[in-house]
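Order of the sequence lines fixes the chain letters, A, B, ..., with proteins taken first and strands second; residue numbering starts at 1 for each chain. Everything quoted here is computed from the prediction, not taken from an experiment.
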Amino acid sequence: MTEPQNPLPLTPAVFHILLALADGAKHGYGIMKEVEAITEGQIKMGPGTLYGTIKRLLSSGMIEETGERPDPALDDERRRYYRLTAYGGDVLAAEARRLSDLVLVARRKRLIGAEGV
Amino acid sequence: MANTASPPLLMAAARVYNVLLWLYPRAHRLAYGPPMAQLFRDLCRDAHQQGGVPGLVRLWLRTLVDLAVSAVREHVKSGGTTMEDILKAQGLVPALSSYANGLAAEKAFTVHLEVEGSVPRLRAEAESVVLGFVQEATANAKKYAQADNLWIAVRCQEDTLSVRVRDDGRGFDVETLRPVVTEADIGKRAQSIQGELFIKSAIGEGTSIELAAPLVPNLA
């Protein structure tokens, strides 16, 4: 089995897409809106970047397409939903720990305070 | 005016975007063109609702850059990364996933990849044999089965790896099919990793070809 540390560090697009999927399956538009929300609008991916990254995440086994539709009544059935695989979750957690360790280093060097400011 | 819906403008934007999708490699366009176009329509609607025509123009400027950069990236990646590269770097499941995506993009049939259990890394030769088995079995299904669906199922249980390619196509007389398959490359591949082939087929009921091989001595 590929170790979750092997693909680290993740690119910002990969990290944000995996993070957007951490709390459940989403379609492309849902992922894009979630990424915009969690980055407070700092990252706005275009369709090309989003689906190119999704393609590579599918190939690497970090995400998978799912037939389950969280809310079919509110949805266009042509939309494709994606969710994290167990491996993708492990990679995301490993990257989050790596970033967290870097933040600790930044705190020790007094670049940021305890609240991250 | 800024927040008034303007379907003709949005429809024209979507049409232009659909034309620009031809910048991408064919396989990528077939697999991801429809959801990209859908997403762009959603973004146009949002941009127009929030910023009117200037909002739409800003979206177009961002999208053109995204299109150019991602289309070049897809051309470079599609020319540089082979299935063997993925197999070597990441193992069997990512390689099969990539293969399944490619098959799905061809739209010959709907492809389902099912993985059960944690699949360990095998010796490079064994992984290559398993991928080759799947490629040959699916190529045969594409050529002869006339199927709507194809399932690639990988299962790792205790000391055995099992890979099954099944279709819901026209099926064959299994007694005729078995010697043909066993004598073909697919049978030789199985023998090279001490594997066994299990073939099930019946007229009108599809075909299933399974390769079961011991993990030892095939583990990396």
In residues 12-25 of chain A, what donor-acceptor pairs under 3.5 Å come from side-chain atoms, sequence neighbours left out?
{"residue": "A/His16", "atom": "ND1", "partner": "A/Pro12", "partner atom": "O", "Å": "2.8"}
{"residue": "A/Asp23", "atom": "OD1", "partner": "A/Lys26", "partner atom": "NZ", "Å": "2.8"}

Donor-acceptor pairs under 3.5 angstrom involving side-chain atoms of residues 153-162 of chain B: please list them, not counting sequence neighbours.
{"residue": "B/Ser162", "atom": "OG", "partner": "B/Glu210", "partner atom": "OE2", "Å": "2.7"}

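The two residues A/Gly48 and B/Tyr24 come nearest to each other via the heavy atoms CA-OH, 3.5 Å. Smallest separation of non-hydrogen atoms from A/Tyr51 and B/Met36: CD1-CG, 3.5 Å. What you find for A/Lys33 and B/Asp46 is that their closest heavy atoms are NZ-OD2, 3.4 Å.
Remark: B/His112 NE2 to A/Glu65 CD distance equals 11.0 Å, nearest 0.5 Å. Rounding to the nearest 0.5 Å places CD of A/Glu64 at 9.0 Å from CG of B/Leu113. A distance of 12.0 Å separates CE in A/Met45 from OG in B/Ser70, rounded to the nearest 0.5 Å. Remark: B/Tyr32 OH to A/Leu50 CG distance equals 10.5 Å, nearest 0.5 Å.
Taking a 6.0 Å sphere around CZ of A/Arg98, one finds it holds more than 12 heavy atoms contributed by other residues, nucleotides or ligands. Within 6.0 Å of NZ on B/Lys200 lie no more than 12 heavy atoms contributed by other residues, nucleotides or ligands.
Only the side chain of B/Tyr17 comes within less than 4.5 Å of a heavy atom of chain A; its backbone N, CA, C and O stay farther away. Using a 4.5 Å cut-off between heavy atoms, A/Met32 contacts chain B through its side chain alone, with no backbone atom that close. For a residue to count as touching a neighbouring chain, one of its non-hydrogen atoms must lie under 4.5 Å from one of that chain's; by this rule B/Ser98 touches chain A with backbone and side chain alike.
Of the listed residues (B/Asp42, B/Leu59, B/Val69, B/Leu67), the one with the most heavy-atom contacts under 4.5 Å to chain A is B/Asp42.
Under the salt bridge (Lys or Arg N to Asp or Glu O under 4.0 Å) criterion, no residue pair touches residues 51-66 of chain B, with sequence neighbours excluded.
Proximity to chain B among residues 88-95 of chain A is not found for any residue, judged by heavy-atom separations below 4.5 angstrom.
Using a 4.5 Å heavy-atom threshold, the side chains of A/Tyr29 and B/Arg41 count as separate. Looking at A/His27 and B/Leu39, their side chains never come closer than 4.5 Å, going by heavy atoms from C-beta outward.
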